[in-house]
Amino acid sequence: MQIGIYCSSNKPHLWGSLYQSLSVTNADFNLCIAGPNPPIEPLPGNVKYVQTNVKPAQCYFIAANNTKGDYIMEVQDD
């Protein structure tokens with residue numbers, strides 16, 4: 001079972017701690033982040049970033065459509 005996790009974000013300095021908090025589980029997951037600001041550090045293999053300058057609700061839609069998994073869930077970056 002794989003879980004697709006997505007969020008809208010304009011705070012790339014918080015992505016590392018978001019990934020660390022998700023990594024404590026044994027579940028197979030992938031994370032998609034959509035927003036205007038690019039990553040400030042290299043992203044792990046199961047994290048995807050989509051550059052977009054649209055509103056947060058539209059970012060959620062874009063990110064949700066770029067996840068893969070049996071289940072998907074929304075998270076906040078902070």
Side-chain angles (χ1 to χ4, degrees):
M1 175 175 68
Q2 187 175 33
I3 302 170
I5 303 170
Y6 65 94
C7 75
S8 168
S9 177
N10 65 354
K11 304 171 194 159
H13 63 280
L14 298 176
W15 297 353
S17 46
L18 171 62
Y19 183 78
Q20 291 293 15
S21 66
L22 294 171
S23 295
V24 298
T25 181
N26 293 331
D28 184 23
F29 73 93
N30 65 76
L31 172 64
C32 183
I33 302 168
N37 300 324
I40 56 174
E41 57 189 38
L43 298 174
N46 60 341
V47 178
K48 182 177 185 178
Y49 168 70
V50 179
Q51 171 89 31
T52 181
N53 290 319
V54 296
K55 296 177 182 174
Q58 295 164 317
C59 288
Y60 286 120
F61 178 81
I62 292 167
N65 283 306
N66 280 283
T67 59
K68 298 176 186 163
D70 301 312
Y71 299 98
I72 65 169
M73 65 178 277
E74 174 188 338
V75 297
Q76 304 299 316
D77 64 349
D78 55 356

Separation of Cys32 SG from Lys68 NZ (nearest 0.5 Å): 10.5 Å
Close side-chain approach of Ser21 and Val24, heavy atoms under 4.5 Å: no
Phe61 CZ: over 12 foreign heavy atoms closer than 6.0 Å: no
Rounded distance (nearest 0.5 Å) linking atom SG of Cys7 with atom CG of Leu31: 5.5 Å
Minimal non-hydrogen separation, Pro36 against Ser9, with atom names: CD-O, 3.7 Å
Heavy-atom side-chain proximity of Gln2 to Asn30 below 4.5 angstrom: yes
Atom pair OG1/CG of Thr67 and Asn46 - distance to nearest 0.5 Å: 12.5 Å
Close side-chain approach of Tyr71 to Phe29, heavy-atom, < 4.5 Å: no
Leu43 and Ile33, any side-chain heavy atoms less than 4.5 Å apart: no
Nearest non-hydrogen partners of Lys11 and Asp77, listed with the distance: CB-OD2, 3.7 Å
CE-CG distance between Met73 and Leu22, expressed to the nearest 0.5 angstrom: 7.0 Å
Asn65 versus Tyr6, side-chain donor and acceptor atoms under 3.5 Å: no
Tyr49 OH to Asn37 CG distance, which is reported to the nearest 0.5 Å: 6.0 Å
